*Asks:* 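For reference, the structure I am asking about is given below.
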Amino acid sequence: LHFQKLIVDAVARGGLAPAAAAAPAVSQIIPLLPDASAVPDAERNAYVDLEIFKIEPESEIIRSFYLRRGDGKPLDPWVAGQFLPIRVKVPGEAQPVLRTFTLSTTPNPDHYRLSIRRGGESSLISRYLHDHARPGLHIEAMTPRGKFTLAPESQRPVVFVSGGVGITPMIAMAGHIVEEGRRTGKYRPIWFVHGANNSRVQAFGAHLRELAAQHPAMKLHTRYSQPGETDRLGVTHDGEGHVTIDVLKGLLPFDDYDFYLCGPPPFMQSLYDGLAGIGVRRERIHYESFGGGTALKPEAKAETPAARAGDGAVPVRFAKSAVTAEWSRERGSLLELAEAVGLAPVFGCRSGICGTCAIRIASGAVQYIEEPLAPRGEGQVLLCCSVPAPDATAGIVLDL
């Protein structure tokens, strides 16, 4: 896909004109896997116009929204499991609303698919899209990003374990493995374990069965915690109750697996603790949680960095905006402080997962309320989950 995009861009720029044939040959190393170097930073962090061209119901509470570039150009490359930062103009809101959603389809140059659960009153974007989006609606998005992807060097059997709408990155990664199996004839074993309330709210049931039919080494196990009147054990689902470590121990034959977990925080923590408890190496457990973005460590922290920072006020200067504010423990994260003084930093997840709020720190130091999952560059901090460090009494300066 990356190679195809390079060719299309070259043709669009006239890069294959006859006059170019006489020019001296210039060699260039092109990365085989799309990463931060595949797309220039200015383009990667810029919003582009996207058009919703199709909407499909996946369950009573989840809908899939298909998007393509409004200018007709091919999409930038991405990797299965990554998410898309989007920006939507919601009527009644003074500023566009920002959010991140996992891409639920395998990478392709033509379209994105976002499979979104309709949230509660505070879920502005999901409610707006469910209630008002129609084909032809335009939104904006940055380039996909995120580290919750298949380990490229591993060919170990994969165990996908998801709860609720946490199925979305798993569908994309499982689809990628199936495509690779068809292409190479080598079928990497997959165990796909999913938990939902019942068939009314479960998404991608039929799609999962189609994937399994195409992949001779893929096994499915679906559990319903609240089966409906029309649900039948052995027909609509394979087990009843919640997905737990005991369920995994009963399903999986002895082997060396890569585990991928995604779901609500309690679901995630229980499975992570259970896997670590039976001796699974932590580097074999990959996870992405929605809701709280905490690192899933078995040891509970006795006190948070915000508490250790003390009660004293710390001056924070937002250099580009020429605004100075005083941070104290009750003012929360640096993102919340910036918003409280009228600034509007770009953010996606508010939990250290996406990295959208990364910004340069000119002086001073910060510490993290929870260690973020997203990478940050040298001299950068993530506003959404950081506070001034205890020794930053002289203040900090942020490039905002």
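Quick note: residue numbers are just sequence positions, from 1. Everything quoted here is computed from the prediction, not taken from an experiment.
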*Asks:* Which distance, rounded to the nearest 0.5 Å, do you find between the CD of E326 and the CG of L337?
*Replies:* 10.0 Å
*Asks:* With a 4.5 Å limit on heavy-atom distance, are the side chains of R99 and V88 in contact?
*Replies:* no
*Asks:* So, using ring-ring contact (aromatic ring centres under 6.0 Å, His included) as the criterion, who are the partners of F318 when residues are at least two apart?
*Replies:* none
*Asks:* With a 4.5 Å cut-off on side-chain heavy atoms, are R317 and V323 touching?
*Replies:* no
*Asks:* Checking side-chain contact (heavy atoms from CB on, under 4.5 Å) against Q82, which of P107, P169, P144 comes through?
*Replies:* P144
*Asks:* Quick one: do R118 and D131 make a salt bridge, cutoff under 4.0 Å?
*Replies:* yes
*Asks:* For Y187, what are the other residues in its hydrophobic cluster, where any two members join if their side-chain heavy atoms are less than 4.5 angstrom apart?
*Replies:* none
*Asks:* Given side-chain contact (heavy atoms from CB on, under 4.5 Å), test H194 with F204 step by step and report yes or no.
*Replies:* CA-CA 11 Å; H194 180 64; F204 297 113; over 6 Å; no
*Asks:* Applying ring-ring contact (aromatic ring centres under 6.0 Å, His included), name anything that partners H286, two or more places apart in sequence or on another chain.
*Replies:* Y260
*Asks:* Evaluate the ring-ring contact (aromatic ring centres under 6.0 Å, His included) criterion for residues W191 and Y257: first the C-alpha distance (whole Å), next the side-chain angles of each, then the deciding distance (0.1 Å), finally the verdict.
*Replies:* CA-CA 10 Å; W191 282 86; Y257 300 100; 7.6 Å; no
*Asks:* Kindly compute the distance separating CG (L103) from CG (L114), expressed to the nearest 0.5 Å.
*Replies:* 5.5 Å
*Asks:* Looking at E60, E229, E58, which hits salt bridge (Lys or Arg N to Asp or Glu O under 4.0 Å) with R200?
*Replies:* E60
*Asks:* Using a strict threshold of under 4.0 Å (side-chain N to carboxylate O), is an ion pair present between K219 and D238?
*Replies:* no
*Asks:* Taking C-beta and beyond as the side chain, do E339 and P345 meet within less than 4.5 Å on heavy atoms?
*Replies:* yes
